[in-house]
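First comes the structure, then the notes that go with it.
Each chain gets a letter, A, B and so on, in the order the sequences are listed, and its residues count up from 1.
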There are 2 protein chains.
Amino acid sequence: MSADAEPVPVSAKSPVTLREVAAVAGVSVATASKALNGQGRMTAETRERIRETARALGFRPNSLAQSLLRKRSFTVGLLTNDTYGRFSLPLMAGVSDALVDNGVSVFLCNVEDDTRLGQLHVEAMLDKRVDGIIATGKRIDRHLPVDLSNLRVPVVYAFTQPDAGAVGLVSDDAGGARLAVEHFCRLGRRRIAHVSGPESFAVVHTRAQAYRAVLEENSLPVGEPLLGAWSEAWGHEAVAKLFGKAGREGWPDAAFCGNDQIARGVIDALRERGIRVPDDVGVIGFDNWEIVAEATRPPLTSVDMNLATLGREAGLALLSLVGGQPAAPGIRKLPCRLVVRQSCGRPPGG
Amino acid sequence: MSADAEPVPVSAKSPVTLREVAAVAGVSVATASKALNGQGRMTAETRERIRETARALGFRPNSLAQSLLRKRSFTVGLLTNDTYGRFSLPLMAGVSDALVDNGVSVFLCNVEDDTRLGQLHVEAMLDKRVDGIIATGKRIDRHLPVDLSNLRVPVVYAFTQPDAGAVGLVSDDAGGARLAVEHFCRLGRRRIAHVSGPESFAVVHTRAQAYRAVLEENSLPVGEPLLGAWSEAWGHEAVAKLFGKAGREGWPDAAFCGNDQIARGVIDALRERGIRVPDDVGVIGFDNWEIVAEATRPPLTSVDMNLATLGREAGLALLSLVGGQPAAPGIRKLPCRLVVRQSCGRPPGG
DNA sequence: TCCCTCTGAGAAAACCTTTTCCCAAATCGC
DNA sequence: GCGATTTGGGAAAAGGTTTTCTCAGAGGGA
């Protein structure tokens with residue numbers, strides 16, 4: 001190929017139109033269009049001449065005109081209410097990833113929790129003829145503040161509560177919790193505590209239930225999960241509750257925490273009490289928020305929700321929906337994975 | 001207004017075109033267009049009738065068609081290489097904020113540090129006829145991996161190194177450092193240390209210089225800044241260096257840290273040594289990363305770079321550029337602000 | 001030579017809106 | 001009552017592309 005050697009003016013001052021290409025190549029716009037798109041019939045020589053001309057002129061088709069005609073804009077909207085972005089960002093990166101590879105651009109729409117703003121964004125997206133919408137949030141058990149049912153474009157929900165009959169993707173929180181607790185069991189931990197977030201979160205119950213199930217399956221004593229806040233401070237408090245009792249024999253030898261911040265609080269509090277991690281107590285967190293997990297001492301083993309993958313899958317699901325392939329409605333749960341660092345020790349035999 | 005009472009089918013299955021509105025209202029498309037846009041001359045009655053029809057039909061103009069004609073898409077591209085997003089996110093939120101209010105949508109383009117990906121995104125944006133581009137990164141002193149000079153649309157750089165002759169907005173790091181050190185001075189601290197990040201970062205030097213300047217202005221002893229990493233671990237190490245010497249009298253009574261993670265490491269290390277914060281040593285961080293600053297014990301006073309504001313300003317700057325108003329090229333520095341929490345104590349008189 | 005088919009390419013409609021020009025009717029001045 | 005101006009509204013082009021239809025010419029078979 002000699003294409004790379006051509007002096008392509010990639011950023012010309014004024015866009016070159018198909019009409020100009022046609023004029024220079026001495027053909028009609030129709031022929032030029034067909035030549036560039038591999039349509040129609042013409043001599044190979046003509047086709048190549050037109051292509052060469054287009055390349056030399058730095059022609060790039062006007063997407064707006066194409067979209068207008070094709071009724072397909074190769075653009076989707078990404079709706080989120082996660083301002084802080086701890087969850088949104090990997091998710092968005094995944095979505096973007098999956099779509100860019102298919103030539104699709106992403107409109108970013110931050111709607112906070114503002115219905116008016118959400119409505120505004122959705123209308124703007126629809127006006128701009130997005131091919132579809134991905135809705136994502138910071139909580140699996142809450143709706144975005146905007147109604148996306150009965151839109152004329154497909155919608156995929158990722159990490160947020162889907163409307164009835166819609167396609168939704170969430171992390172498998174029960175599975176994630178199982179990973180953590182089963183890991184403890186394999187390591188020979190016998191008294192496994194669970195310190196989690198506020199009662200108002202659905203995932204708190206989902207994970208607690210999985211926690212109980214695994215303990216029962218392994219015939220281990222089931223402690224009552226300690227519910228509090230998603231904060232380090234709560235981790236400290238929880239340690240005070242768990243390890244405040246006089247008798248050392250009643251203490252847990254493992255703590256499965258609802259998120260990494262709680263886990264960090266737990267680890268710090270344990271150290272302050274002179275209790276060793278992982279020797280005396282193993283700790284596992286949730287979210288695998290690297291910047292936290294890697295800063296704890298020792299570094300924190302944590303459950304990763306694979307949000308980037310979730311985003312990718314959401315992007316691909318939307319794409320196939322846009323392509324007209326019917327997708328099974330309902331919620332699809334994607335597996336978590338356990339990222340093992342040093343806060344839970346090695347198996348006895350290992 | 002009775003508009004709210006109308007049964008507006010906001011999400012009709014098939015978009016209503018201007019042609020249909022015109023047909024129903026019994027006028028030509030030209031007249032319909034003018035009626036809806038407040039252009040042309042016609043009886044108030046005709047105009048109102050057309051508007052009423054449009055409303056009843058739920059007509060929304062096709063942005064694609066409008067953009068094609070107006071050569072203005074009311075869309076801009078946001079280029080970033082900050083995957084993790086600690087800096088990008090508030091910035092993006094600010095950009096989005098400023099633009100949405102003006103009816104402009106934002107294409108999100110994550111280019112990582114991949115030139116090919118960057119090129120791809122830029123071309124896609126250009127093809128989609130964005131009105132302008134905002135480039136943002138995770139470092140003020142690095143270029144994005146893509147060349148944005150000589151594009152046919154205006155470009156604004158926010159929190160990343162601008163090309164020569166371009167418009168750039170960054171935080172005033174020197175000013176931010178001054179805020180912190182001067183705050184210490186006002187509180188009567190006399191031996192103020194500076195623990196910062198890697199030498200390879202330009203901001204490390206900018207802040208260190210401001211730190212020295214303020215100390216000199218106040219005739220205080222200038223310690224050599226300790227440069228290391230942007231991590232908690234480095235904060236611990238730095239404390240070992242600063243407070244390892246035997247004589248308590250040589251110890252600093254304040255530490256200005258290069259970011260909040262370092263500050264957190266410093267605070268934790270001090271506590272472990274039994275040195276009280278803020279009584280014995282005041283600590284100030286940088287970035288005001290709330291989730292960290294609020295979790296330190298005591299909560300961390302920190303310099304906030306006002307990234308959301310920076311984003312807003314970048315959005316507005318791009319908008320005025322797009323509107324044809326010439327903007328002074330060069331780098332504009334936006335002030336930081338000090339967020340006072342409890343890690344640096346109260347003034348002697350307060 | 002005549003008819004048919006195939007080939008290569010162009011004309012024009014379509015997508016949807018905006019805007020410029022134009023025209024018929026009405027109004028006005030005298 | 002007649003020419004000039006205003007008024008209300010329509011026709012058509014423009015924006016850049018894709019696609020269908022059409023058509024002239026070439027080649028082939030009889």
Side-chain angles (χ1 to χ4, degrees), chain A residues 12 14-51 53-54 57-75 103 123-124 126-131 152, chain B residues 12 14-51 53-54 57-75 103 123-124 126-131 152:
Chain A
S14 165
V16 177
T17 69
L18 185 60
R19 191 196 310 275
E20 302 177 55
V21 173
V24 172
V27 296
S28 71
V29 285
T31 306
S33 170
K34 283 179 285 198
L36 297 175
N37 294 320
Q39 305 290 323
R41 284 176 319 201
M42 67 196 70
T43 52
E45 187 266 331
T46 305
R47 195 182 293 276
E48 192 45 45
R49 175 165 47 88
I50 295 173
R51 289 199 163 150
T53 308
L57 261 43
F59 168 74
R60 309 229 67 205
N62 183 331
S63 281
L64 259 29
Q66 290 183 318
S67 302
L68 187 58
L69 204 52
R70 292 180 176 161
K71 301 183 165 314
R72 175 91 199 271
S73 65
F74 287 90
T75 295
E123 284 175 0
L126 257 25
D127 289 350
K128 290 190 170 138
R129 296 303 190 264
V130 293
D131 297 331
R152 62 167 179 270
Chain B
S14 165
V16 177
T17 69
L18 185 60
R19 192 196 309 276
E20 301 177 57
V21 173
V24 173
V27 296
S28 71
V29 284
T31 305
S33 171
K34 284 180 284 196
L36 297 175
N37 294 320
Q39 304 290 324
R41 285 175 318 203
M42 66 197 69
T43 52
E45 186 267 331
T46 305
R47 193 181 295 275
E48 193 45 45
R49 175 164 48 87
I50 295 172
R51 290 199 163 149
T53 308
L57 261 44
F59 168 74
R60 309 229 68 203
N62 184 332
S63 282
L64 259 31
Q66 290 181 319
S67 302
L68 187 58
L69 205 52
R70 291 180 177 159
K71 303 189 163 310
R72 174 89 200 272
S73 65
F74 287 90
T75 295
E123 283 175 0
L126 257 27
D127 289 350
K128 290 192 171 139
R129 296 303 190 265
V130 293
D131 298 330
R152 61 166 180 271

At under 4.0 Å, does any side-chain N or O of [X] touch on OP1 or OP2 of [N]?
{"X": "B/R70", "N": "C/dT18", "value": "yes"}
{"X": "B/N37", "N": "C/dT18", "value": "yes"}
{"X": "A/T43", "N": "C/dA9", "value": "yes"}
{"X": "B/Q39", "N": "C/dT18", "value": "no"}
{"X": "A/T31", "N": "C/dA9", "value": "no"}

Hey, which of these two, A/L69 or B/K71, hits DNA chain D nearer its 5' end, going by closest nucleotide?
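The residue whose closest nucleotide sits nearer the 5' end is B/K71.
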Please name the pair of heavy atoms, one in B/E20 and one in B/V16, separated by the smallest distance, quoted to 0.1 Å.
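That closest heavy-atom pairing would be OE2-CA, 3.8 Å.
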Nearest heavy-atom pair of B/S73 and A/K128: which atoms, and what distance?
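Scanning both residues, the minimum pair turns out to be O-CE, 3.6 Å.
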Distance, rounded to the nearest Å, where [X] contributes [atom1] and [N] contributes [atom2]:
{"X": "A/R47", "N": "C/dG10", "atom1": "CZ", "atom2": "P", "answer": "13 Å"}
{"X": "B/F59", "N": "C/dC16", "atom1": "CZ", "atom2": "P", "answer": "11 Å"}
{"X": "B/L36", "N": "C/dC16", "atom1": "CG", "atom2": "P", "answer": "16 Å"}
{"X": "A/R41", "N": "C/dT7", "atom1": "CZ", "atom2": "P", "answer": "6 Å"}
{"X": "B/M42", "N": "C/dT19", "atom1": "CE", "atom2": "P", "answer": "13 Å"}
{"X": "A/R129", "N": "C/dT17", "atom1": "CZ", "atom2": "C1'", "answer": "11 Å"}
{"X": "A/K128", "N": "C/dT17", "atom1": "NZ", "atom2": "P", "answer": "15 Å"}

Return a table of donor-acceptor pairs under 3.5 angstrom between the side chains of residues 30-38 of chain B and protein atoms on other chains or two or more places apart.
unit_1	atom_1	unit_2	atom_2	d
B/T31	OG1	B/S28	OG	3.1
B/S33	OG	B/N37	ND2	3.4
B/N37	ND2	B/S33	O	3.1

For a 4.5 angstrom cut-off between non-hydrogen side-chain atoms, does A/R152 reach B/P15?
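A/R152 vs B/P15: side chains touch.
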Nearest heavy atom decides the nucleotide; on that basis, is A/V29 or A/E45 closer to the 5' end of DNA chain C?
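Its nearest nucleotide being more 5', the pick is A/E45.
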Looking at C/dT17, C/dT19, C/dA11, which one has an atom nearest to any side-chain atom of B/A30?
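The listed nucleotide nearest to B/A30's side chain is C/dT19.
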Option among B/V21, B/V24, B/I50 that satisfies the side-chain contact (heavy atoms from CB on, under 4.5 Å) test with B/F59:
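When side-chain contact (heavy atoms from CB on, under 4.5 Å) is applied between B/F59 and each of B/V21, B/V24, B/I50, only B/V21 qualifies.
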Nucleotide interval of DNA chain D bounded by contacts with chain B (heavy-atom cut-off, under 4.0 Å)
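On DNA chain D, the outermost contacted nucleotides are D/dT7 to D/dG16.
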Side chain of A/T53, backbone of A/R49: donor and acceptor closer than 3.5 Å?
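Checked: pair present.
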